[in-house]
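Encoded as structure tokens, the structure appears first; notes follow it.
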Amino acid sequence: MKVRVRLAPSPTGTLHLGTARTALFNWLFAKKEGGTFLLRIEDTDIERSREEYINDIYDGLQWLGINWDESPTIQSERVNEHKQIIKTLVDKGFAYKCYASEAELDEMRETQKRNGLAPKYDNRHRNLTPEQESEFIKSGRDPVIRFKISDEKLISWNDLIRGKMTWSGKDLGGDMVIARRAPANSIGDPLYNLVVVADDSAMKISHVIRGEDHLANTAKQILLYEALDLNIPVFAHTPLILNSEGKKLSKRDGVTSISEFKKMGYTSEAMANYMTLLGWSVPEGINERFNISEVSEIFSFKKVNKASAKFDWDKLNWLNSQVIHEMSAETLLENLEPLFKENGWHLPSHEWGINLVGLIGPSMVLINDGVDQAKPFFEEQELSEDGKKQLEIKEAAVILKFILEKLEDTDAASFSKEKALDLINQATKSCEVKKGLVMKSLRAALFGTLNGPDLIQSWVLLSRFSKDRARISRLI
RNA sequence: UGGGAGGUCGUCUAACGGUAGGACGGCGGACUCUGGAUCCGCUGGUGGAGGUUCGAGUCCUCCCCUCCCAGCCA
């Protein structure tokens with residue numbers, strides 16, 4: 001069987017972490033099996049769907065390196081086909097018009113709940129007589145169209161992740177609505193379960209891979225496949241990504257959009273790596289830090305976990321830092337230079353820039369950290385509390401004075417690590433202090449704080465602007 | 001409430017019925033400036049009770065907990 005899978009996002013919001021992970025599993029499976037990965041935009045809810053979200057979804061997938069085959073299917077463009085299918089179902093007696101009002105059904109559900117029952121449509125209009133129908137129409141009622149679900153029906157499928165699944169028709173909430181309310185002589189807007197079946201079939205989807213929150217939909221959809229005499233695809237229901245409370249991730253949980261992660265300074269490699277790791281376990285001997293192209297050669301649902309996983313910032317941060325450490329200085333500089341420009345910072349030379357990112361790279365977790373860490377090299381910093389304290393030590397002034405005098409005899413252009421180290425050693429000896437005191441004082445004077453990257457290399461970079469002298473002398 | 005899916009260190013996970021291991025985090029040390037870099041070490045777990053078995057995270061029974069669905073949303 002030729003593998004054809006799809007991602008079917010609804011453009012009612014930006015590309016969500018959960019959707020992106022589903023995309024990844026579909027993509028990985030398609031790549032592994034030499035199949036095709038398709039995209040279908042489910043924009044049948046016209047009220048909530050927006051063009052800008054479609055673009056956000058495309059951008060996010062591309063950024064993650066999840067490329068799709070063929071041009072995306074736009075669901076709303078297929079509405080006539082969907083209505084035709086609904087008409088067929090009605091004509092064949094699989095579906096019927098239900099005139100019950102929403103208020104009437106709300107009341108029905110309320111009563112059921114009060115009596116400790118699960119809310120469920122009671123199929124009250126399944127067998128209306130033509131007389132009853134015309135009565136409703138005459139009174140101005142418009143119907144929805146419902147697909148019959150027999151209480152006795154047993155539905156089962158073999159899930160690639162969960163094994164054999166079985167549902168009973170009586171647990172599917174009664175006859176399901178497949179078309180919105182519309183005048184009786186027409187067909188209303190087709191709804192989710194119907195359009196999914198219609199489109200998955202039309203797109204010749206072989207495997208439906210989606211979150212486990214769709215389990216009940218799958219049972220309903222199988223009934224539609226059977227009624228329409230269509231081939232039933234293979235199903236795989238993936239575990240979900242949960243928030244730290246163990247609930248389904250929602251917009252309320254803060255950052256959940258791929259575009260937001262990108263903006264914060266996460267790399268696409270780390271995001272894809274982490275999303276794959278949540279739910280899929282690496283075979284023995286393979287490092288947890290991987291590229292999805294490597295996984296696409298070994299991906300299997302056998303290694304996909306059944307239980308949902310809680311999202312963990314620490315692990316994502318670690319992966320992101322690993323990705324940054326692996327970057328060449330050239331690549332890292334390419335990532336940072338636009339951010340530097342936004343702050344009005346200009347590199348004195350490309351080589352200087354390379355040395356700078358080489359220095360700060362190892363301590364970056366997010367790409368955006370590079371901005372904070374580079375800042376002291378471009379802009380003079382206020383003294384921090386502990387920096388101030390360090391410079392209040394009485395030897396500090398003596399040390400700085402000594403170094404400043406020596407610097408004035410030194411050529412800024414040829415200042416080097418060796419010369420910097422030599423100066424520090426000279427100061428240590430001449431001022432009769434511990435080397436640590438010299439270095440801490442110098443760090444405080446040059447950068448305002450007591451922590452940062454390697455002091456000697458930092459000093460050499462700073463000297464390129466002759467800023468080292470200026471910064472020391474301001475304190476004397 | 002009904003149905004469904006799940007439950008191994010704090011988190012993500014590994015373990016033909018055969019020593020519960022790894023990663024992240026946390027804690028401690030090293031790097032004779034800092035540390036959010038790097039290296040080393042430590043910490044910590046099979047939801048509960050029975051049962052089968054020489055031996056149970058794994059098999060059986062009962063219980064508990066969590067999540068998902070129960071829309072004329074997708």
Side-chain angles (χ1 to χ4, degrees), chain A residues 8-13 42-45 47-49 75 98 100-102 105 109 112-121 142-146 159 161-162 165-168 170-174 176-182 188-189 191-193 195-196 211-217 219 237 239-240 242 244-248 274 277-284 287-289 303 305-319 321 325 359-365 369 373 386 390 424 434-444 447 449-456:
Chain A
S10 157
T12 53
E42 306 222 320
D43 58 345
T44 53
D45 187 342
E47 300 277 306
R48 296 193 300 151
S49 295
Q75 198 159 57
C98 166
S101 69
E102 291 183 62
L105 294 178
R109 291 189 194 103
Q112 288 166 335
K113 276 189 211 166
R114 264 200 307 277
N115 296 332
L117 297 169
K120 171 181 179 173
Y121 176 62
D142 287 343
V144 298
I145 296 174
R146 286 185 185 267
D159 196 282
I161 294 171
R162 267 148 239 283
M165 299 286 308
T166 307
W167 287 72
S168 172
K170 68 173 165 23
D171 297 320
L172 292 175
M176 74 167 149
V177 179
I178 53 174
R180 278 206 178 92
R181 193 174 297 281
D189 299 332
L191 290 168
Y192 177 71
N193 280 305
V195 293
V196 167
E212 65 170 329
D213 48 344
H214 282 285
L215 244 16
N217 286 327
H237 290 90
L240 304 176
L242 308 174
S244 52
E245 278 93 49
K247 301 255 169 67
K248 199 169 144 181
Y274 184 58
L277 219 42
L278 281 181
W280 179 79
S281 57
V282 274
E284 209 161 328
N287 202 284
E288 286 191 334
R289 162 70 196 114
K303 284 282 179 183
N305 245 58
K306 288 186 179 75
S308 294
K310 287 181 188 160
F311 180 84
D312 178 33
W313 285 100
D314 285 329
K315 188 91 181 222
L316 173 61
N317 284 340
W318 176 75
L319 278 170
S321 72
H325 298 168
L359 182 63
I360 64 179
S363 53
M364 288 167 58
V365 172
D369 290 342
Q373 298 190 15
D386 49 355
Q390 178 67 32
I424 288 170
K434 282 189 176 163
K435 192 167 163 186
L437 182 61
V438 175
M439 294 186 79
K440 277 187 179 173
S441 305
L442 192 55
R443 183 185 284 283
F447 298 101
T449 69
L450 289 187
N451 46 42
D454 181 80
L455 178 63
I456 293 181

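Each chain gets a letter, A, B and so on, in the order its sequence line appears, and its residues count up from 1. This is a predicted model, so every value here is computed, not measured.
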| said: Tell me the interatomic distance from A/Met176, atom CE, to B/rC73, atom P, rounded to whole angstroms. | reply: 14 Å

| field | A/Asn287 (side chain) and B/rA23 (base): donor-acceptor pair under 3.5 Å | value | no

| note | Result for 5'-nearest mapping on RNA chain B, choosing between A/Lys310 and A/Lys170, is A/Lys170

| message | Rounding to an integer number of Å, can you tell me how far A/Asp312 CG sits from B/rC24 P? | response | 12 Å

| request: Measure the distance from CH2 on A/Trp167 to C1' on B/rG4 and round it to the nearest whole Å. | output: 4 Å

| Complementary nucleotide of B/rA49, counting Watson-Crick and G-U pairs under 3.5 Å | B/rU61

| task | Considering only atom C1', compute the distance from B/rG18 to B/rG57 and round it to an integer number of Å. | result | 13 Å

| Side-chain heavy atoms of A/Leu319 within contact of A/Leu277, under 4.5 Å | yes

| note | B/rU11 -> Watson-Crick or G-U wobble partner, both distances under 3.5 Å, gives B/rA23

| query | Quantified in whole Å, what is the C1' atom distance between nucleotide B/rA5 and nucleotide B/rC24? | reply | 27 Å

Please list each protein N or O that sits under 3.5 Å from an N or O in nucleotides 65-68 of chain B, with the distance.
residue, atom, partner, partner atom, Å
B/rC68, OP1, A/Lys248, N, 3.4

| What does A/Lys120 touch in the nucleic acid at a heavy-atom separation under 4.0 angstrom: a base, only the sugar-phosphate, or nothing? | nothing

| query | Is the shortest heavy-atom distance from the side chain of A/Lys120 to the side chain of A/Lys170 under 4.5 Å? | reply | yes

| request: Tell me what A/Ala100 touches on the nucleic acid: a base, only sugar-phosphate, or nothing, going by heavy atoms under 4.0 Å. | output: base

| said: So A/Asn115, base contact, sugar-phosphate only, or nothing? Heavy-atom distance under 4.0 Å. | reply: nothing

| Close side-chain approach of A/Leu240 and A/Asp213, heavy atoms under 4.5 Å | yes

| In B/S/- notation, 5' to 3', how is nucleotides 33-41 of chain B contacted by protein heavy atoms closer than 4.0 Å? | BB-BSS---

| task | Pick the C1' atom in B/rG45 and in B/rU34, then give their distance to the nearest Å. | result | 36 Å

